[in-house]
Amino acid sequence: MSKSYIDVALERRDVVKTEMDAILEAVAAESRTDLTTEETTKVDALVIEARALDAKIEKFTIQAVADEKSAEMRASVAAVITPRVGGATITREVRTYNPEAGVSFVKDVFNAQVRGDYSAQERLARHTREEAIERRDVDTSNFAGLVVPQYLVELAAPFSRAGRPTADFATAKHTLPPSGMSLEISRMTTGTSTAVQATENSAVSETDADDTLLSIPVRTIAGQQDLSRQAIERGTGIDTFVVADLIRSYHSTVDAQVLNGSGSSGQFTGIRNAGGNAITFTTASPTVKLLYPKLADAIQKIQSNVFETPTHWIMHPRRLAFLLAGVDGSDRPLVVPSAAGPVNAVATGAGVSTYGNSGYSLMGLPIITDANVGTAYGAGTNQDEIYCVAAPEMHLWEQPGSPFALSFDATGASTLTIKSVVYGFGAFSAQRYPLAASIISGTGLVAPSF
């Protein structure tokens, strides 16, 4: 049986570790404290290759977990076996709403709610039962509204995932509780203490602990679209064009809120407004060389202030392009593919950068590119920002399957207008440990020229 790509990468990672250990063991056996020039070059190359392999393995492991979850969901329906009928055994029940079904979910919602169509009501009821089976980890309280057919979600998935790279890759994900409009977390603001006892029987250190309640509001994200009755009754592809677009917009809004939410007017308090480490990059002639120390500062501030290890860089695609375009004094690129055998590279990657998990790493941390990073900051409204985060402290709560509620209201009977609404609930906080994120901003991050 042929090996998968991730198997090959894992095997190569083991080989790299073995080669590195062999060099260091040889140095230790000779009681040396320094490596030779040849050994140093070899170890540096192995370290860079190991980091590149780690980034690849992380990327494909995330995808493998997502694929496995999708397969489990499908298997829950495929495993339904019915008795033989006419010599045939049905091993998989066809979903009520699917691309080949010949019936429209949107039309049925309209006909059931506006016209009281019995057949449409029956199909919607059967669809709800199917969703209850396939989403077996969700209780009945989650089905107060109508559930968007899974084939619509799957159709939109490639676009909606691309629209929320930070939410997907650089956050700690939690299931939103079934009720309540706020989440309460206790934050210890004054810790206990220990100290050396000066003499026998003398008082030992004592400090009273104190805490503050962190209240995280549950926010509503929604979108609507007015449709004519003619479009619903006589049109084709309404499900795809309208619902899928609303779903893509929903996920992109969640991601933008995680990054940029102001904390007011119903918004999340996003990473840039949570009180993280502020680092200013000021220069009229920005270069990769001038930016590099600021990146190191971003990492050390997280480690120094909250004793956490950062996990990701988040930047706009144009900022990664700025790094890729950087050259040294001899016009050699500073960021190169690991396969090229880089020497003294600022960052390395697998080759062509991809949107989201770019495949490139900087100072050992993977780079997430996200077009939801703002590009109109600063006095000239032309600056973007770079975020260094410890993902375990970027907490995102979402409702399973969101957005899954779709409702219709006759808002313009005289004009034959029907309003469709997609909505969901979520909460986000980077304020449990605000200094687990660093924000680099300033005139050095104006729109780059290429």
Side-chain angles (χ1 to χ4, degrees), residues 2-65 169-170 288-289 291-300 302-303 308-315 320 323-354 356-369 388-392:
S2 60
K3 297 179 181 178
S4 68
Y5 181 86
I6 194 170
D7 289 333
V8 174
L10 287 168
E11 289 181 2
R12 178 56 190 166
R13 184 65 174 82
D14 291 339
V15 171
V16 169
K17 182 180 185 303
T18 300
E19 292 180 4
M20 195 181 307
D21 289 344
I23 295 174
L24 298 178
E25 288 172 2
V27 173
E30 297 174 10
S31 300
R32 289 188 283 124
T33 58
D34 296 319
L35 278 68
T36 65
T37 301
E38 181 180 353
E39 289 170 338
T40 299
T41 301
K42 179 64 174 176
V43 169
D44 288 346
L46 290 171
V47 168
I48 292 172
E49 184 179 0
R51 288 174 177 172
L53 287 167
D54 289 341
K56 292 179 183 178
I57 291 168
E58 179 191 18
K59 176 179 179 180
F60 287 102
T61 298
I62 292 172
Q63 185 59 48
V65 171
F169 291 111
V288 176
K289 177 181 177 180
L291 173 62
Y292 199 71
K294 302 298 182 180
L295 300 171
D297 190 26
I299 292 177
Q300 74 84 19
I302 294 174
Q303 294 176 333
E308 290 272 359
T309 300
T311 58
H312 295 82
W313 296 103
I314 305 168
M315 60 183 70
L320 176 56
L323 296 175
L324 292 170
V327 295
D328 64 11
S330 301
D331 291 333
R332 294 172 298 189
L334 295 171
V335 179
V336 295
S338 55
V343 178
N344 295 328
V346 170
T348 60
V352 177
S353 63
T354 56
N357 192 347
S358 68
Y360 278 79
S361 61
L362 177 62
M363 297 185 180
L365 304 181
I367 298 172
I368 304 300
T369 52
C388 182
V389 302

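Computed over heavy atoms, backbone and side chain alike; hydrogens, waters and symmetry mates excluded.
Remark: E38 engages no residue in a side chain to side chain donor-acceptor pair (under 3.5 Å) (not counting sequence neighbours). Listed by chain and residue number, P317, L320, Y355, S358, I367 satisfy the side chain to side chain contact (heavy atoms under 4.5 Å, CB included) test with T369 (two or more places apart in sequence, or in another chain). Applying the side chain to side chain donor-acceptor pair (under 3.5 Å) rule to D14 yields no partners; only residues at least two apart in sequence or on another chain are considered. Among residues two or more places apart in sequence or in another chain, the side chain to side chain donor-acceptor pair (under 3.5 Å) test is passed with E49 by R12. When the side chain to side chain donor-acceptor pair (under 3.5 Å) test is applied to R32, the partners found at least two apart in sequence or on another chain are E30, E39. Take A52 and apply the side chain to side chain contact (heavy atoms under 4.5 Å, CB included) test, not counting sequence neighbours, and it matches S338.
In this structure, L53 CG and K56 NZ are separated by 6.0 Å, a value rounded to the nearest 0.5 Å. Atom-to-atom distance recorded for L295:CG and L323:CG is 7.0 Å, nearest 0.5 angstrom. Atom OG1 of T18 and atom CZ of R13 lie 10.0 Å apart (nearest 0.5 Å). Considering CG of L24 and CG of L35, their distance stands at 6.5 Å, rounded to 0.5 Å.
Side-chain atoms of N357 and I368, non-hydrogen and from C-beta on, do get closer than 4.5 Å to each other. Residues I57 and L10 form a side-chain contact, since some pair of their non-hydrogen atoms from C-beta on lies under 4.5 Å apart. For the pair W313/I299, a side-chain contact is recorded, criterion being any heavy-atom separation below 4.5 Å from C-beta on. Between L362 and Y292, some side-chain heavy-atom pair lies under the 4.5 Å cut-off. Counting heavy atoms from C-beta on, the side chains of L324 and Y360 come closer than 4.5 Å.
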Q.
Between L46 and I23, is the side chain to side chain contact (heavy atoms under 4.5 Å, CB included) condition met? List the steps.
A. CA-CA 11 Å; L46 290 171; I23 295 174; 4.2 Å; yes
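Nearest heavy atoms, M363 versus A296: CE-N, 3.5 Å. When all heavy atoms of A390 and E308 are compared, the closest pair comes out as CB-CB, 4.4 Å. The minimum heavy-atom distance between T354 and G359, with the atom names listed, is OG1-N, 4.3 Å. For the pair P366 and T311, the tightest heavy-atom approach, listed with the atom from each and the gap, is CD-O, 3.2 Å. Listed here is the closest heavy atom pair of C388 and P310: SG-CB, 3.6 Å.
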